[in-house]
Amino acid sequence: VRGAFRDSFVKASYQSCTARYANQNIQPDKVNIFCSCVANGSADTIKKSDITNSSNNDTNSSLANVIRTISDQCRQKQ
């Protein structure tokens, strides 16, 4: 994912991630680092066509697996 679409994707992914962890007892700086890692890692890995076709159940399942793998990698970095 590149350009303005990437910027928008990363921003939305980051905001969604930080909102998910907002009410949990996790240090905010750790949440910020983790969510930045996941958002940027997802943008580096996922194709724009995967995002725009995400209404397809097979694509959704595939994206979920990719994001889960990226999340696991980002957790290991902390």
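If you're wondering where the values come from, they're calculated on a predicted model, not measured in any experiment.
The CG atom of Asn65 sits 5.0 Å away from the CZ atom of Arg68 when rounded to the nearest 0.5 Å. Atom OG of Ser62 is separated from atom CD1 of Ile46 by 8.5 Å, given to the nearest 0.5 angstrom. Remark: Thr45 OG1 to Asn40 CG distance equals 10.5 Å, nearest 0.5 Å. Taking CG of Asp7 as the reference point, atom CZ of Arg2 lies at 13.0 Å (rounded to 0.5 Å).
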*When you look at Asp44 and Arg6, which way does the side chain to side chain contact (heavy atoms under 4.5 Å, CB included) test go after all the steps?*
CA-CA 9 Å; Asp44 291 343; Arg6 178 192 171 89; 2.9 Å; yes
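Within a 6.0 Å radius of CG in Asp72, other residues, nucleotides and ligands contribute more than 12 heavy atoms.
In this structure, Ile33 is not a member of the same hydrophobic cluster as Tyr21, with clusters built from ILVMFWY side-chain heavy atoms closer than 4.5 Å. Using a 4.5 Å cut-off between side-chain heavy atoms of Ile, Leu, Val, Met, Phe, Trp and Tyr, with links allowed through other members, Ile26 and Tyr14 fall into different hydrophobic clusters.
Looking only at distances, a side-chain donor or acceptor of Thr18 sits under 3.5 Å from a matching main-chain atom of Gln15. Checked by atom type and distance alone, the side chain of Ser16 never pairs as donor or acceptor with a backbone atom of Ala12 at under 3.5 Å. Between the side chain of Ser36 and the main chain of Asn32, no donor-acceptor pair closer than 3.5 Å is present. Between the Ser42 side chain and the Val38 main chain, a donor and an acceptor come within less than 3.5 Å of each other.
For Ala43 against Phe9, the heavy-atom pair with the smallest separation is N-CE2, 3.6 Å.
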